[in-house]
Number of protein chains: 2
Amino acid sequence: MTSSSPAPTGRQGRKASARGESRREELIAAAATLFAERGYATTSIADVAAAVGVTQQALLYYFGNKVGLLHAVIDQRDGASLEFAEELTALGGPAAIEQLPRYARRNVANPSLASLFAVLVMENLRPGDVAHEHFVTRYRNLRAVIEQMITAGQESGEFSRTVDARLKAFEILAFIEGANTQWLLDPDSVDLVAATTAYATDLLRTLTP
Amino acid sequence: MTSSSPAPTGRQGRKASARGESRREELIAAAATLFAERGYATTSIADVAAAVGVTQQALLYYFGNKVGLLHAVIDQRDGASLEFAEELTALGGPAAIEQLPRYARRNVANPSLASLFAVLVMENLRPGDVAHEHFVTRYRNLRAVIEQMITAGQESGEFSRTVDARLKAFEILAFIEGANTQWLLDPDSVDLVAATTAYATDLLRTLTP
DNA sequence: GTCTATAGCGAGATAGAC
DNA sequence: GTCTATCTCGCTATAGAC
């Protein structure tokens, strides 16, 4: 966000890989994969560079330092998350709840993305950690989006007004995160989509008047 | 478990700190705190040793290597978790559900322990990670305990037989873990005990015939 | 048991050539 | 843009003295 990188001007040469990916994007993609697999702290920038076939110093040319790379990864991959959540909840009320399994399906289809943020959150729990503020606001935004979806349902009369929208939003996000954790650790032990569907069903029962 | 440490024989000298803690126990306690705060990978054994006032080499005398220290920490702190879960669920049925907020209270009272395992799990998601197998079986055991609690309630007729005990157990554990994550990241944003109490209440409604 | 000394590696980052 | 060379640091682990 602030200063960060020399930002190579304009478009890249034709050398960039198969798809129109710039070297910078290749590096971000490689970093996302490795961070998801091993975490940020244990991944060396040299490993990331090697995955793309350049040296560590080439990587530093783009991102300045390791933290710059991390922020580039977060910025590039996390926008989609909130958008996805907004898309799912935009319908408001019961229709939004029914979309919950789509979230699970998305994780199953893209475990690397699911793992990336789960791992990074735990590496940034404490104030002062490089991306702490980012994740704090990320979760606040997600809770806010879910809470609005619930209050929308209450205002339309589809949801009972006796439920505390704020606590319910917390609960729903807790389920999503915790389900994710268990599934990442032990994918064969549970059918994430089935579990999410079951949860959504029961959830609807507690929300409906 | 296997070989590990020279295991200093017999009891310790009177030099061990205020409480009857042996040096080994002091080191485990210091490691638990630091691992909880910074994670395993980013904590150096020298930091752990320094927290107790000895050198890194003294620490290695007890644990052999860094992985030995990790396993000592896990063995010492994790036994309590499963016991606690068993205690809470032993009652079976609705009474067990009502105990859920106690779990939250325990975390609030001991954030360091809550953080320790949350962080270590994410550092051991992948097969081959030093403590991967430990956490896989840990979660399997926890799910099994919760599942048994539910089936016990179903057999006594207190819980509806239409719910899938296995999926419900997964859901309950997901809530606990996810609630924990959100609260660790941003403690002021939510009242963990209130949220857990609300969840337990709604949970009971979906479980009761 | 705890120390000093030290080996040996891998990390992040800078300087400067091409 | 990407490289080679290099600096500096921190880390794990070993050897051996006390």
Side-chain angles (χ1 to χ4, degrees), chain A residues 3-17 20-31 34-35 37-73 123 129-131, chain B residues 3-17 20-31 34-35 37-73 123 129-131:
Chain A
S3 72
S4 305
S5 66
T9 35
R11 40 197 282 75
Q12 254 34 59
R14 36 221 145 312
K15 182 195 276 184
S17 86
E21 275 190 313
S22 71
R23 179 114 303 172
R24 189 169 195 276
E25 283 161 351
E26 285 183 272
L27 287 163
I28 290 174
L34 289 172
F35 291 169
E37 285 173 2
R38 313 185 202 155
Y40 170 75
T42 16
T43 301
S44 74
I45 53 176
D47 287 343
V48 175
V52 162
V54 295
T55 62
Q56 183 219 120
Q57 291 82 352
L59 183 153
L60 288 174
Y61 165 78
Y62 289 98
F63 305 102
N65 56 34
K66 196 185 178 186
V67 173
L69 173 63
L70 176 64
H71 282 119
V73 169
E123 289 188 294
D129 290 339
V130 278
Chain B
S3 71
S4 308
S5 66
T9 34
R11 38 195 285 77
Q12 257 28 64
R14 33 220 146 312
K15 185 196 268 183
S17 86
E21 276 189 312
S22 71
R23 179 116 304 174
R24 190 168 195 277
E25 283 162 350
E26 286 184 273
L27 287 164
I28 290 173
L34 289 173
F35 290 170
E37 287 173 359
R38 312 184 202 155
Y40 170 76
T42 14
T43 301
S44 73
I45 54 178
D47 287 342
V48 175
V52 162
V54 296
T55 61
Q56 181 220 125
Q57 291 81 353
L59 182 153
L60 287 174
Y61 166 78
Y62 289 98
F63 305 101
N65 55 34
K66 197 185 176 184
V67 172
L69 172 63
L70 176 63
H71 282 120
V73 168
E123 288 188 295
D129 291 337
V130 277

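In what follows, chains carry the letters A, B, and so on, assigned in the order in which the sequence lines appear, proteins first and then strands, with residues in each chain numbered from 1. The figures that follow rest on heavy atoms only: side chains count, while hydrogens, waters and symmetry mates do not.
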If you look at every heavy atom in [X] and [Y], which pair is closest and at what distance?
X	Y	value
A:E26	A:V52	O-CG2, 3.6 Å
A:A29	A:E21	CB-OE2, 4.3 Å
A:L27	A:V48	O-CG1, 3.7 Å
A:K66	A:I45	CG-CG2, 3.4 Å

Separation of [N] [atom2] from [X] [atom1] (nearest whole Å):
X	N	atom1	atom2	result
B:Q57	D:dA15	CD	P	13 Å
A:E26	D:dT2	CD	P	9 Å
A:Q56	C:dA13	CD	C1'	7 Å
A:L69	C:dA11	CG	C1'	15 Å
A:I45	C:dT14	CD1	P	10 Å
A:F63	C:dG12	CZ	P	14 Å
B:N65	D:dA13	CG	P	5 Å
A:Y62	D:dT2	OH	C1'	8 Å

Ignoring backbone atoms, test whether [X] places a side-chain nitrogen or oxygen under 4.0 Å from the OP1 or OP2 oxygen of [N].
X	N	answer
A:R24	D:dG1	no
B:Y61	C:dC3	no
B:S44	D:dG10	no
B:T55	C:dC3	yes

(Q) Classify B:T43 by what it touches in the nucleic acid, base, sugar-phosphate, or nothing, heavy-atom distance under 4.0 Å. (A)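 Contact class for B:T43: sugar-phosphate only.
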
